[in-house]
Enquirer: 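The following block contains the structure, expressed as structure tokens.
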Amino acid sequence: MTPAMVGSGESDKPESQYQKGVKHLVENGLHSVPKKYILPPSDRPGTNSEDSNVAKQNLELPIIDYSELLGPRRQQVLQSLANACEGYGFFQLINHGISDDVISSMRDVSGKFFDLPFEQREKYMTTDMSAPVRCGTSFSQTKDSVLCWRDFLKLLCHPLPDFLPHWPASPLDFRKEVATYAEKTRHLFLMLMEAIQESLGIIEGKETEGKDNILRELEDGSQMMVINFYPPCPQPDLTLGMPPHSDYGFLTLLLQDQVEGLQVHFQDQWLTVQPINNAFVVNVGDHLEIYSNGKYKSVLHRVMANSKKNRTSVASLHSLPFNCTVRPSPKLIDQHNPKRYADTNFDTFLAYVTTREPKRKDFLDSRKLTSVCVEEKEIK
């Protein structure tokens, strides 16, 4: 953001006021949405023809019972998993083995962090995207032309001993509870990726030494935890909690509370995901779409604001180590299925998102190979 002041129609609030986050604004008696958060009419939820009935429509995502992956019905569940990743890009995961106590504690400390006085949260506010701890607002507060109705705390989590000392020491039990949750979700991610590989027809034994030994690389991979806080919004039809986007990485494991907000773009409509208590909403990330050579889809999703309730979610994003290259699996490439994506790495992604305002699936689209893009247009 370069302007020092907000334009006419505001009470000439300094831009720094918005850098403090929406919770800070609400706590200081906000009664209408500031101009800086108001989307153009075509981007507002519920105002264009595509979104006219969006609040009344729910999306029933495929439900994957993780416990059945471990039993005699594994092959049937693997097929359901493949169908979900290919047809929806999302699924709800139940009976995942992470205890209700661990989940409850994670929700509890997440809420307590955002209940801290602003002066304590402010210690972690930075625009440095490589910081091990980053508290901020919007989506990209330095690039967004319109800010979104969200505050967040981002934590790098793996290797845990490297990052844990940097995490907030308050609330008192924050580090302990979040570390436990991070370890549990990381193990669950690795088990899911093993199943996803198998669903793609890629079987990896421990003896595999080839360049497609992705599971071994993922064991040392990156994990980032994002705790999202969406306070009540006085005019939710004018803004969004998060704009349409796809996720960087292989898989995101999202823990929702019972307040609706997440919407998935499915069959040209924005549909609301109904929360299931203590389930994870799991979605395919850009890296898994690249790795699967386009078979599994990284799908646009967004978050709605609401006027009545706080909403909190916890996203655990997983991928390869930051210094590794993501490429389509050679086992999924042949003369009938040419390579569809250029190799990429975290530096490429960081360079992309730090030089422009992120929009929809722009980064993933930039990795598609030209010949394939032309071929797809001709088919359409």
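Throughout, residue positions are numbered sequentially from 1 according to the sequence presented.
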Enquirer: Determine whether the aromatic ring centres of residues W149 and Y230 are separated by less than 6.0 angstrom.
Expert: no
Enquirer: Give the cluster check for M125 versus V26: same hydrophobic cluster or not, with ILVMFWY residues linked at side-chain heavy-atom distances below 4.5 Å.
Expert: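 No; tracing contacts between hydrophobic side chains, which count when under 4.5 Å, never links both residues.
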Enquirer: Would you please classify the geometry between the F250 ring and the H287 ring as parallel, tilted or perpendicular, with 30° and 60° separating the classes?
Expert: perpendicular
Enquirer: F113 vs R121, test: side-chain contact (heavy atoms from CB on, under 4.5 Å). Steps then yes/no.
Expert: CA-CA 8 Å; F113 176 82; R121 290 181 280 121; 3.9 Å; yes
Enquirer: Does the separation of the ring centres of H301 and F90 fall below 6.0 angstrom?
Expert: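 Distance test on ring centres: under 6.0 Å, yes.
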Enquirer: Does any part of the side chain of V303, heavy atoms only, come nearer than 4.5 Å to the side chain of Q263, both counted from C-beta?
Expert: no
Enquirer: Hey, does P232 have a side-chain heavy atom less than 4.5 Å from the side chain of S307?
Expert: no
Enquirer: Does one side chain, of N345 or R327, offer a donor that lies under 3.5 Å from an acceptor on the other?
Expert: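 Judged by distance alone, the side chains do not pair up.
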Enquirer: Among E68, Q79, E198, find the one that has a side-chain hydrogen bond (donor to acceptor under 3.5 Å, both in side chains) with R74.
Expert: E198
Enquirer: Run the numbers on D101 and S99 for side-chain hydrogen bond (donor to acceptor under 3.5 Å, both in side chains), then give the verdict.
Expert: CA-CA 5 Å; D101 287 345; S99 73; 5.2 Å; no
Enquirer: Does CD belonging to Q258 count more than 12 external heavy atoms closer than 6.0 Å?
Expert: yes
Enquirer: If I take atom OG1 from residue T185 and atom CG from residue L254, how far apart are they, to the nearest 0.5 angstrom?
Expert: 11.5 Å
Enquirer: Going through the checks in order, is the side-chain contact (heavy atoms from CB on, under 4.5 Å) test met by L255 and V281?
Expert: CA-CA 7 Å; L255 178 66; V281 178; over 6 Å; no
Enquirer: E217 and N213: side-chain hydrogen bond (donor to acceptor under 3.5 Å, both in side chains), yes or no, with the steps?
Expert: CA-CA 7 Å; E217 292 180 316; N213 192 2; over 6 Å; no
Enquirer: Is there a donor-acceptor pair closer than 3.5 Å between any side-chain N or O of S222 and the backbone N or O of P321?
Expert: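 Answer holds: no.
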Enquirer: Taking all non-hydrogen atoms of both residues into account, name the closest pair between A305 and P236 and its distance.
Expert: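 Of all heavy-atom pairs spanning A305 and P236, the closest is O-CB, 3.5 Å.
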Enquirer: If every non-hydrogen atom of W167 is compared with every non-hydrogen atom of C157, which pair is closest and at what distance?
Expert: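 Shortest heavy-atom separation between W167 and C157 comes out as CZ2-SG, 3.9 Å.
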Enquirer: Does I276 belong to the same Ile/Leu/Val/Met/Phe/Trp/Tyr cluster as V77, with side-chain heavy atoms less than 4.5 Å apart forming each link?
Expert: no
Enquirer: Side chains of L192 and L93, heavy atoms from C-beta outward: is any pair under 4.5 Å?
Expert: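 Yes. Closest side-chain heavy atoms under 4.5 Å.
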Enquirer: Please report the closest heavy-atom contact between V109 and P171, naming both atoms and the distance.
Expert: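 Result for this residue pair: O-CG, 4.1 Å.
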Enquirer: Is R134 reaching over with its side chain to a backbone N or O of L153, donor-acceptor style, under 3.5 angstrom?
Expert: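 No; zero donor-acceptor contacts below 3.5 Å.
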Enquirer: Under a 3.5 Å threshold, yes or no: a donor from one side chain and an acceptor from the other, between Y88 and Q267?
Expert: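 Note: Y88 and Q267 side chains miss the donor-acceptor criterion.
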Enquirer: Under 3.5 Å, is there a donor on one side chain and an acceptor on the other for D247 and N283?
Expert: yes
Enquirer: Once you round to the nearest 0.5 Å, how far does OG1 of T312 lie from CG of N228?
Expert: 8.5 Å
Enquirer: Could you pull out all residues at least two apart from F189 that satisfy ring pair (Phe, Tyr, Trp, His ring centres under 6.0 Å)?
Expert: H318
Enquirer: What distance separates E122 CD from L116 CG, expressed to the nearest 0.5 Å?
Expert: 13.0 Å
Enquirer: Check this for me, if you would: do K297 and E289 make a salt bridge, where the nitrogen-to-carboxylate-oxygen distance has to be below 4.0 angstrom?
Expert: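 Salt bridge absent between K297 and E289.
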Enquirer: Run the side-chain hydrogen bond (donor to acceptor under 3.5 Å, both in side chains) check on S67 and D65 step by step: do they pass?
Expert: CA-CA 6 Å; S67 66; D65 187 332; 2.5 Å; yes
Enquirer: So does K295 pair up with E86, basic N to acidic O under 4.0 Å?
Expert: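 Between E86 and K295 there is a salt bridge, with a charged N closer than 4.0 Å to a carboxylate O.
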Enquirer: So, for V133 and T126, which heavy atoms are closest and what is the spacing to 0.1 Å?
Expert: O-CG2, 3.9 Å
Enquirer: Would you call I63 and I94 a side-chain contact if the rule is heavy atoms closer than 4.5 Å?
Expert: yes
Enquirer: Flag yes if F322 and M224 sit in one hydrophobic cluster, no otherwise; membership is Ile, Leu, Val, Met, Phe, Trp, Tyr, and two members link when side-chain heavy atoms are under 4.5 Å apart.
Expert: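 Same hydrophobic cluster.
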Enquirer: Is it true that L61 and L271 fall in one hydrophobic cluster, defined by side-chain heavy atoms closer than 4.5 Å?
Expert: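 Shared cluster, yes.
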Enquirer: With a 3.5 Å distance limit and no angle check, can you tell me whether D173 reaches the backbone of K176 through a side-chain donor-acceptor pair?
Expert: no
Enquirer: With Y66, which residues qualify under ring pair (Phe, Tyr, Trp, His ring centres under 6.0 Å), at least two apart?
Expert: none
Enquirer: Taking A182's backbone N and O only, do any of them form a donor-acceptor pair with Q223's side chain (distance below 3.5 Å, no angle check)?
Expert: yes
Enquirer: Working to the nearest 0.5 Å, report the span between OG of S313 and CZ of R107.
Expert: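 Rounded to the nearest 0.5 Å, the OG-CZ separation comes out at 10.5 Å.
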Enquirer: Taking atom NE2 of H187 as the centre, does the number of heavy atoms from other residues, nucleotides or ligands within less than 6.0 Å exceed 12?
Expert: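 12 or below, so no.
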Enquirer: Testing the basics here: between K23 and D115, what is the closest heavy-atom pair and its distance to 0.1 Å?
Expert: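 Residues K23 and D115, closest heavy atoms: NZ-CA, 4.4 Å.
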Enquirer: Do S199 side-chain atoms and I196 backbone N/O form a donor-acceptor pair below 3.5 Å?
Expert: yes
Enquirer: Can you tell me how far apart CG (L288) and CE (M193) are? Round to the nearest 0.5 Å.
Expert: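 So the CG of L288 and the CE of M193 are separated by 5.5 Å.
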Enquirer: Under a 4.5 Å cut-off applied to non-hydrogen side-chain atoms, are K184 and M106 in contact?
Expert: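 Heavy-atom side-chain distance check fails, nothing below 4.5 Å.
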Enquirer: Rounded to the nearest 0.5 Å, what's the gap from CH2 on W270 to CG on L300? Could you check?
Expert: 5.0 Å
Enquirer: So does S104 get a backbone contact from the side chain of D108, meaning a donor-acceptor N/O pair under 3.5 Å?
Expert: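 Side chain of D108 to backbone of S104: no pair is present.
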Enquirer: Got a sec, which residues hit ring pair (Phe, Tyr, Trp, His ring centres under 6.0 Å) with F114, two or more places apart in sequence or on another chain?
Expert: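 With neighbours one apart ignored, the set is F229.
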Enquirer: State, with a plain yes or no, whether a side-chain heavy atom of S316 is found less than 4.5 Å away from one of T252.
Expert: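 Of all side-chain heavy-atom pairs linking T252 with S316, none is under 4.5 Å.
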Enquirer: Would you kindly check if the NZ (Lys) or CZ (Arg) of K154 is within the cone defined by 45 degrees around the ring axis of F152 and under 6.0 Å from the six-membered ring centre?
Expert: yes
Enquirer: Going through the distances and angles, do V299 and F266 end up as a side-chain contact (heavy atoms from CB on, under 4.5 Å)?
Expert: CA-CA 8 Å; V299 173; F266 180 72; over 6 Å; no
Enquirer: Donor-acceptor check, side chain of R367 to backbone of D343, threshold 3.5 angstrom: yes or no?
Expert: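 A pair under 3.5 Å: yes.
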Enquirer: May I ask you to say whether E260 pairs ionically with R311, meaning some side-chain N is under 4.0 Å from a carboxylate O?
Expert: no
Enquirer: Okay, side chain of Q235, backbone of V33: is any donor-acceptor separation there less than 3.5 Å?
Expert: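 Checked: pair present.
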Enquirer: Taking C-beta and beyond as the side chain, do S105 and Y181 meet within less than 4.5 Å on heavy atoms?
Expert: no
Enquirer: Is there a chain of hydrophobic side chains (I, L, V, M, F, W, Y, each step under 4.5 Å between heavy atoms) that links V259 to F280?
Expert: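 No, V259 does not connect to F280 through the hydrophobic network.
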Enquirer: Does R150 reach the main-chain N or O of S138 with its side chain, forming a donor-acceptor pair under 3.5 Å?
Expert: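 At least one qualifying donor-acceptor pair exists.
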Enquirer: Walk me through whether V226 and L317 qualify under side-chain contact (heavy atoms from CB on, under 4.5 Å).
Expert: CA-CA 8 Å; V226 186; L317 297 94; 3.6 Å; yes
Enquirer: Please tell me if the side chains of H96 and I103 come closer than 4.5 Å, counting only heavy atoms from C-beta onward.
Expert: yes
Enquirer: Are the side chain of S170 and the backbone of L172 linked by a donor-acceptor contact shorter than 3.5 Å?
Expert: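 Not at all, since once roles are kept as given, no pair shorter than 3.5 Å links the two residues.
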